[in-house]
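Right, one structure below, let's go through it.
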Amino acid sequence: MQTNTPLLQVRGITKAFPGVLANDHVNLTVFSGEIRGLVGENGAGKTTLVRIIYGLEHPDAGEIFWKGSKVSISSPQQAMRLGIGMVHQHFQLFPSLSVTENVVLGNEPVFGPLFNRREAYKKVSQLIEQFGFELDPKAVVRTLSVGQQQKVELLKALYRRVELLILDEPTAVLTPQEVESLLKLLRELATSGIAIILISHKLREVLTVASRIAVMRKGRVVADVKPSDVTEAQLATLMVGMEVQRANLPQKPLQERRDKPVLTVQGLTVLNDRGRPAVNNVTFELREGEIIGLAGVEGNGQQELVEALVGVRESITGKILLNGKDITRISPSERRRLGLAVIPGDRLKEGVVPSATVAENLITVKYRQPPYNIAGILRERNIKEFAVSAIKEYHIIAEPNTAVRNLSGGNIQRLVIARELSTSPLVLIAVHPTRGLDVRSTMEVHERLMNLRAQGITILLVSTDLDELLELSDRLLVIFRGTIVGEVSPRETTPEELGLFMLGGTRGQLEKKFGK
Amino acid sequence: MGSWKKNLVSEFVRVGLLLAIAFLITGLIISLTGENPFAVFKILVTATFGSSVGIAETLSAATPLVFTGLAIAVAFKAGLFNVGVEGSLYLGAFSAAWVGFTWLHLPGWILVFLALLFAGMVGGLWALGPGIVKVRYNVDEIVTTLMLNYVAIYFTTYLVTYIYGVPGLANAMSFPIVSTARLPRLAPPSQLNLGFIFALLASLALWFVFKRTALGYEVRMLGLNPLCVKWSGMPDKKIAVKAMFLSGFLGGIAGAVQILGIHYRFIANFSPGYGYTGIAVALLARNNPLGVLFGALLLGAIYNGESLIELMTAIPMEIPRIFEGIIIALTSAELVVHLWAWRRKGQPQESKR
Amino acid sequence: MNIEELIGVTLRQAAPLMLVAYGGLFSYHVGVINIAMEAEMLAGAFAGLMITAWTNNLLLGLLGAVISAMLIGVIFAFLTEGLRAHLVTSALGLNTLIIALTRLLMWVITGSRGAFVPQSLLVLPRLQIPIFKVVPVLQAFSGHCILVYGAWLAWIFTTLWLYHTALGLRIRAVGENPEAARAMGLSIKRMRVVAQLLCAILCGLGGAQLSLGDLRLFTSGMTAGKGFIALAAIYFGRGRPGLTTLACLLFGFFDGLQSRLQLWTNVPPQLAQMIPFLTVVAVLVLISWRGVRKGAKT
């Protein structure tokens, strides 16, 4: 059902963040009653675009037209007033409030100065029934399952008269049945005249419901297609831009394979900040000279797992063994002394002290040892020497006295790597080490990791970059909702299969799909 | 980090603007009392710089503020708010007095050394409790240290009223310290004493600690990015506790120096709030040990002039505290937002300590 | 050891704590640590007494208390939201400033230093509850000045406002997840300012209770840390009004206890006066120690 004027039209939308051009002259149109697919890899710019449409971000350039007239959407309030609703990828919910309170916040029915709870329950119950969600309007959101919370997100938009509904990765956390009912709902909404922008990783679903699909890559819309014109594989290629290269893996001759376990994790359970298990009874083993990739959509427990391995977060059950020694209750500094090193995932927050100098950051792991520290006094000359040699060896473009916050991302990463490797570790945990880096720096980091592997150092590579994982890992573990759901050999899988695995598919489902 | 000269200039501008606004508001408040603010400021300047006695008294007034300023600055550098310096000051003062009236036959310089050491240790231990419960159980250190201030003041008053005091006095005071424990006066008839030299030394010593020692390094790193400190395997909890101890230690010395240099006995409620004024000193100095000298001199000058102000205008001695409060309140405000916005770009930490 | 007296003095000492603590709950729930409560309370105590003495009108006095506290609240909000000053240092500065300013103004207006004890001051009316007066123990619940009962009303008022109005819902939402609140179209800044003003109103009343209630005077720094004790009560209750009230009663009890101890026993006054402050520290440590879950981030 299309009229002549698009409901929404964006032209030339450009938005840059420090270090990355998120949206590069993006054009997009959406008509009433259509389901518009929006696909692309992580970091392609999809979320930024819809956040701009919803008023959470302001574009650096470009125009937005709503029903033909130019508008400037400066806040979510304004977007909602126009009739735009959004279901966010990371839920914007209030865990301690009830379903109803979450839904009506901002548009509460009132009785004089008081919040008319009964009226609110009534309205929300009506909505719940209308759409067939099975929710208790009085339930506290914290107690709901992820799928139910998603429904609350949806209700928020449906409670307000929406003409354009944006959904950012809505099915990533749903069971297959829930996905089916959601897609059915979307079709119903579209039939009733609501326009929908659907962002999703799951190409199969997008192909099923969308009437047109826009493909984004590196901030630009690279294709705008009809589902009838493309296959899933073709879409994937458009998203990625090239064939995944698998040729770079140096094949290790069989007799060199070492089997000695270096890092063992047994039955590890770790709670997150809310007190829920983020890591659930996880067991795995890293062997000498291996690169083990840990694949998974962000937020499935990787951060908590790494924090427990490093010692920044306490685990509640299970054991961690480093070279046979139980380090479960040992302090982070001790673990480092025993040979553990880590490249943290958040460079600026966890990896370095941005207002300090390069030299000061380099010695955070060594400042208590001679020759840098004699009787409590820091030996500036030795520290400087060390810094200079590290700068040279790792090609850091800086002086020892440069403030780290003035360095580029790539240089900061080189600094972190230099620092960690200076302790001659046995095990290195690298958490998305190339995120936000340019191609050259990325290749550099990959080369270095491969060299470490050749030297016999064990690496746990935690990443959401599938190409990186496939290229570097000897074995791949997939984590989903805190458990290791499977182990694959990189040589025997594809990015699509891996992606599906990461979204919770089981081996059985995969075999059904791919007929292995 | 860049050219330190440029930083110095921007610091001067920042402090200058802050002081200008503080003087402006204080002046407005003074005019509320019916007095002419300019006349009052003139008295202040005369009292402070008008004579050599005035200058000496200013330096003497600055002495405790140097120590408390350093104490607060050390805690700030670690990312902690040790509002309990006042309490450490009281306990340290009493400890020094106790050494002074108990060990009567030791040579002077040993006595002074012991008194200072004991005062520092007691002050440091007093700050240790809140520090430990903060790092272990995340107990808000502002409330705990503040509460303990009252405890320290009451407790020391009790000690000199019932146990170590000269009986029958309206405001309790302890036995006098032995004369050999007194810090020599540097410029009679002013109260300026050796304690000021100690203050200078302490300032230099702390400058050295933060520039060249491992302890200074780890405290600085902790304050700048506690998360990275944890991930790097530095013992963040131990560092924080060490910082609190050092902070309390300096507070204790602040009290000791007042007793050994000026009062020669412990007097209940003797401190007009040196521990709190130290907050203004540290903030003005941006926690720089050498800058603390400047802040202490400024505030010392203003406090020194207040008695003269009261004499000549009958305004009660509240002007300095008003000024101090404005300074503390405004220090972290973005007064120079437009001019210096570039300095704030790229700083992921909005750490104002 | 007179139970009735203890109950009576507990209620009296807890009342200002309660009022301030309830105000602080609004701040707490909106996500702002409000250390300026001490300053707002002192301003309220000062203005309340001064204006009552000057105009001979209690209602104007209470109004003055509330307005002066709100003035502090506005300044604090301006500093922290407008100028993006640091929450703690700007509050500490305001505290110092207000202590000194009230002393100065007291001298300017009345010529007294240190304390102002007006000769004939209208006193907050006392409420006698006939039912209570019959039963011996319950007698202690009657005869207090109205603001003491007002504190209990404030408990109901605060609970109602926080949990049963749209505004309260929005305040809690902004405090729990500011980003999500923004996505729902709420103005975080506005909510914070509103919450702070509500806090200031109650703190002003708490201060007025202090100076106009039983003491009928103003001394410099008469709040003596009560603003922070109220903060401790909020921490104890983790933002729940009921538990906050319990903490205020507890602290009020120990405060009352120390004054009775001085009267009834030979305990040195200074040691007795230490008790309430030590209690606060002990309580805070205890609840934090219990609250440290195993498996939390270190």
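Below, chains carry the letters A, B, ... as their sequence lines are ordered, and counting in each starts from 1. What you see is a predicted model, and the numbers here were worked out from it, not measured in a lab.
- The contact between B/Thr161 and chain C is made entirely by side chain atoms (from C-beta outward), counting heavy-atom distances below 4.5 Å.
- When each of C/Leu94, C/Leu101, C/Thr80, C/Ile35 is scored by its heavy-atom pairs under 4.5 Å with chain B, the top score falls to C/Leu101.
- B/Phe155 CZ: 12 or fewer foreign heavy atoms inside a 6.0 Å radius.
- Within residues 222-237 of chain C, the residues having any heavy atom under 4.5 Å from a heavy atom of chain B are, by residue number, C/Ala224, C/Gly225, C/Phe228, C/Ile229, C/Leu231, C/Ala232, C/Tyr235.
- Heavy atoms of B/Ile153 lying under 4.5 Å from chain C are absent altogether.
- When B/Thr277, B/Asp140, B/Leu148, B/Val135 are compared by the number of non-hydrogen pairs under 4.5 Å with chain C, B/Asp140 comes out ahead.
- The nearest pair of heavy atoms linking B/Ala329 to C/Ser90 is O-CB, 3.6 Å.
- Taking C/Leu104, C/Leu284, C/Leu105, C/Val108 one by one and counting their heavy-atom pairs under 4.5 Å with chain B, the maximum is reached by C/Leu104.
- Remark: B/Ile326 CD1 to C/Thr96 OG1 distance equals 11.0 Å, nearest 0.5 Å.
- Ranked by heavy-atom pairs under 4.5 Å with chain B, the first of C/Val281, C/Thr89, C/Ile75 is C/Thr89.
- With rounding to the nearest 0.5 Å, the separation of CG in C/Leu286 from OH in B/Tyr137 is 10.0 Å.
- Proximity to chain C involves both the backbone and the side chain of B/Ile322, based on heavy atoms less than 4.5 angstrom apart.
- When the ring-ring contact (aromatic ring centres under 6.0 Å, His included) test is applied to B/Tyr276, no partner is found at least two apart in sequence or on another chain.
- Summarising the local packing, CG of B/Leu125 is surrounded by more than 12 heavy atoms from other residues, nucleotides or ligands at distances under 6.0 Å.
- The distance from the CD atom of B/Glu318 to the CH2 atom of C/Trp107 is 11.0 Å, given to the nearest 0.5 Å.
- Both the backbone and the side chain of B/Val139 come within less than 4.5 Å of a heavy atom of chain C.
- Using the six-membered ring where Trp is involved, B/Phe81 and C/His86 have ring planes that are tilted, between 30° and 60° apart.
- Considering all non-hydrogen atoms of both residues, B/Arg321 and C/Ala100 come closest at CB-CB, 3.6 Å.
- Within the 4.5 angstrom heavy-atom criterion, atoms from both the backbone and the side chain of C/Val285 approach chain B.
- For a heavy-atom cut-off of 4.5 Å, chain B lies close to C/Pro268, C/Pro269, C/Gln270, C/Leu271, C/Gln273, C/Met274 in residues 268-275 of chain C.
- Of all residues in residues 247-256 of chain C, none places a non-hydrogen atom less than 4.5 angstrom from a non-hydrogen atom of chain B.
- Heavy-atom pairs under 4.5 Å with chain C peak, among B/Pro130, B/Gly325, B/Ala152, at B/Gly325.
- Residue B/Ile279 touches chain C through its side chain alone, counting heavy-atom pairs closer than 4.5 Å.
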